[in-house]
Amino acid sequence: VSSPIIWIFFPASMGVILFLVRRWHRVSVLAGTSIALSLAGLALILPLGRLIRLGPVGFRVLESLDIFGRHFALHDHDRSLITISFGLMAFWFAGSNLAKAGRVMVPFGLVFGALMIAAFSVEPYLYGAILIEIAVIVCIPILIQSSSAPQEENQLSSIPSDMSRRSPEPEFFRGTLRFLTLQTMGMPFLLMTGWVLTGIETTPGDETIALAASMAGLGFMLLLAVFPFHTWVLMIIEKYHPYVATFIFVVFFWFGTMYALRFMDQFFWLRQAEILNYLRIAGLIILVVTGSGVIFERHLGRMLGYAILMETGYILLAIGLNSGLELVFQMLLPRALSFGTWALALGAIRDRASDLHMRSVRGLIFSMPVTGITLILAQWSIAGLPLLAAFPIRYSLWIQLASHSVGMGWLSMAGFMGLFVTGLRLLFVFLDRESQQDDTQEETWQLRFLLSTATLIMVLVGLFPQLFLPIFNHGIHAFTNLAASP
Amino acid sequence: MPIYTINFPEISYPALFLICIAGLAILSGRDGRWIVLALGLQYLGVFLLVFLSWPIELAATKLIAGWISAALLGMGLRSAPLGFQRDEHFSPSSLIFRLLITGFILFAMYSLGAIVQIWFPSVGMEIILGSLFLLGSGILHLGLTTQPFRTIIGGLTFLSGFEVIYAALENAVLVAGLLAILQLSLGFLGVYFMSELVQEESG
């Protein structure tokens, strides 16, 4: 047995099997969550490439698998990253039934995750760009089915949904088509970088390095939806189920970041001060653009989209700060927790309101109190409000950035200000009681329980970050050169 | 000496001609069936250009995967609603614009060819010209449409352009296999989009 068979081919095959039995939705969700959790646990305890003794029997899990003369390799030092990745998927799968995320999210989600792990593990790793593109194609039915599938049972709200079937007009596909187009255009740049890099190894020169850096830069801008290639994120979250769209974005950008770090890990010239400075500037531009964009936004889904884009800005800032790399991994917990809660709350509101425009959610807090409060708290948590989950990381980033440049430190506050002010606006809208309003409670106890628990964990992570966040630091060991550099 | 360093006009010129004719038909075509047919023809041109760089059995993967994708899209069209191109406007002026812009791509292809060859000196000029035309017409197609069927055609054309030049630089079997899977996945996605539109029409 080799590690790629366990963490790539097994989940992909299980995804296909679960797709065939998607009729039994709850069984499929339970099985998918259990598989993702088991694979995360297995990565935690199973050493790779070393002899394991179970009584009289001894075996070894090989670290690589050869296919067509190239190999897929997951090494022992990648185990933390695999644990975190499958843990992340299990977290989203667990909530998918309650969020009514559609029947294909879990099966295709497993295939999607397996493809992203394969993209990370293929050697030469540049070929991973093609696997990422195939993963994008797998994402599209997940998004479309989440919004077009008829929903027989309404678990989040007690009233029947009038939005349960979205009409697939050509307009409906626009976000996914933009997503597909931009990712298709990004892939060649990443693949070509590999060819140029071979030239650097044989005849290094400033011109070749500039060409490789430009190609890699453009490829990753398209991959990570960096401004001005970010519009598809907003278009998708506006049209499709927020829980499913957020799952795709969080997982996709997580692996996209890991893929970018793999590049940096392999090529020392990508860690030069000048490149890091460009990354910081790109991160700041994203924060300023999204921070100012979200203030004027009136659609609740697009607000979430801006916050997701903002996270990419913070990630680029953290990578750009030499000492901030551990923060990239620590960010995952608050991100998954806050975005998961936010998306779940938004899904519940989407079931109840005619749309997610601000005018349609006036006085919402009187009929959905827990949902409304949780949504605002999750938004403020992503902003970096003290006592909430993301605050310790944001604080650390702001301090480190301000030590580089005070101006940059101030500019990086744009993200915080944008989301904080938007949260205040939302609070006023939620409290704006209409004269004829019916205050019938529209939350189920399951939804209240899940959202309250998530809020409690967000506060606990914010209060005691030293207990939760350092666990994620181990992810950095997958990048041996980056981990070794000061 | 690798075959792609030899000027091989018996193969490369017909391939370029096929690609240009097919590109023109795809850009200016209104009927989905003709567009699919032109896509099949385009893949024949792509196969001939890739054949200059790869052994025939490997180059054939491009042709087979491309034709299967085209066949999938053709089958999807059979079940697609009649009005599925309703967001496309094909006035005479639009047709003239498309023809003019195709001419512009041909002009740009000849202008840029020499510059691109400086970056990739080991690649023959015919391969670069064919690749640039496909990349250009693919991007143009993607930019001109909001319709799923045409976006998939544009994506396949763009990818073909990249594959033609990448084949001259990299000959790994795994890459050939993955790119073939990607082409087929795009074909399936096109059918999926059309089936969603069918559900809307019947529902």
Side-chain angles (χ1 to χ4, degrees), chain A residues 66-72 115 118-119 122-124 126-141 144-145 147-150 165-185 187-189 191-192 194-196 198-199 207-208 211 215, chain B residues 83-88 118-122 131 135 138-139 141-143 145-152 154-159 161-163 165-166 168-170 172-190 192-201 203:
Chain A
D66 286 2
I67 294 176
F68 292 132
R70 299 290 192 267
H71 44 267
F72 289 83
L115 281 167
V122 67
E123 286 177 7
L126 291 151
Y127 297 170
I130 310 175
L131 288 158
I132 291 177
E133 171 73 3
I134 297 172
V136 167
I137 294 175
V138 172
C139 288
I140 291 175
I144 292 174
Q145 286 297 316
S147 284
S148 62
R165 186 171 178 97
R166 318 275 151 189
S167 76
E169 287 291 314
E171 176 75 21
F172 178 76
F173 299 120
R174 198 165 280 179
T176 46
L177 290 175
R178 181 77 61 90
F179 178 32
L180 180 71
T181 302
L182 291 179
Q183 296 304 324
T184 305
M185 286 182 173
M187 183 203 72
F189 285 107
L191 278 175
M192 284 303 225
W195 183 82
V196 179
T198 321
E207 204 176 314
T208 331
L211 182 64
M215 282 189 166
Chain B
F84 87 105
Q85 289 187 0
R86 56 182 171 258
D87 63 329
E88 295 287 331
I118 297 171
W119 294 346
F120 308 109
S122 59
S131 170
L135 287 169
I139 291 175
H141 212 98
L142 290 168
T145 187
T146 55
Q147 200 211 55
F149 170 72
R150 284 181 176 273
T151 305
I152 297 293
L156 284 170
T157 306
F158 178 82
L159 272 181
F162 166 69
E163 285 175 35
I165 200 161
Y166 198 62
L169 305 170
E170 174 77 67
V173 182
L174 182 64
V175 173
L178 288 175
L179 286 171
I181 293 173
L182 184 56
Q183 276 180 5
L184 292 174
S185 312
L186 275 174
F188 275 114
L189 193 63
Y192 175 72
F193 277 129
M194 281 186 267
S195 72
E196 284 292 309
L197 286 169
V198 174
Q199 282 178 22
E200 159 68 358
E201 287 281 312

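All chains are named by letter (A, B, ...) in the order of the sequence lines, taking the proteins before the strands, and each is independently numbered beginning at 1.
A:Pro124 does not touch chain B: none of its heavy atoms, backbone or side chain, sits under 4.5 Å away. In this structure, no portion of A:Val138 lies under 4.5 Å from any heavy atom of chain B. Heavy-atom distances place both the backbone and the side chain of B:Leu169 under 4.5 Å from chain A. Heavy atoms closer than 4.5 Å to chain B are found in the side chain of A:Met187, but not in its backbone.
In plain terms, the two heavy atoms of B:Ser131 and B:Gly161 that are nearest each other are OG-O, 2.7 Å.
In this structure, B:His141 NE2 and B:Arg150 CZ are separated by 4.5 Å, a value rounded to the nearest 0.5 Å. The distance from the CZ atom of A:Phe189 to the CZ atom of B:Phe162 is 10.0 Å, given to the nearest 0.5 Å.
Residues B:Phe193 and B:Phe149 keep their aromatic ring centres 6.0 Å or farther apart.
Residue with the most contacts toward chain A among B:Ile139, B:Leu135, B:Leu174: B:Leu174 (heavy-atom pairs, distance under 4.5 Å). Counting heavy-atom pairs closer than 4.5 Å to chain B, the top residue among A:Leu191, A:Thr184, A:Leu180 is A:Leu191.
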Going by atom type alone, with no hydrogens or angles, which donor-acceptor pairs under 3.5 Å involve a side-chain atom of residues 178-188 of chain B and a protein atom two or more places apart or on another chain?
from: B:Gln183; atom 1: OE1; to: B:Gly66; atom 2: N; distance (Å): 3.2
from: B:Gln183; atom 1: NE2; to: B:Glu163; atom 2: OE1; distance (Å): 3.0
from: B:Gln183; atom 1: NE2; to: B:Glu163; atom 2: OE2; distance (Å): 3.2
from: B:Ser185; atom 1: OG; to: B:Ile181; atom 2: O; distance (Å): 2.6

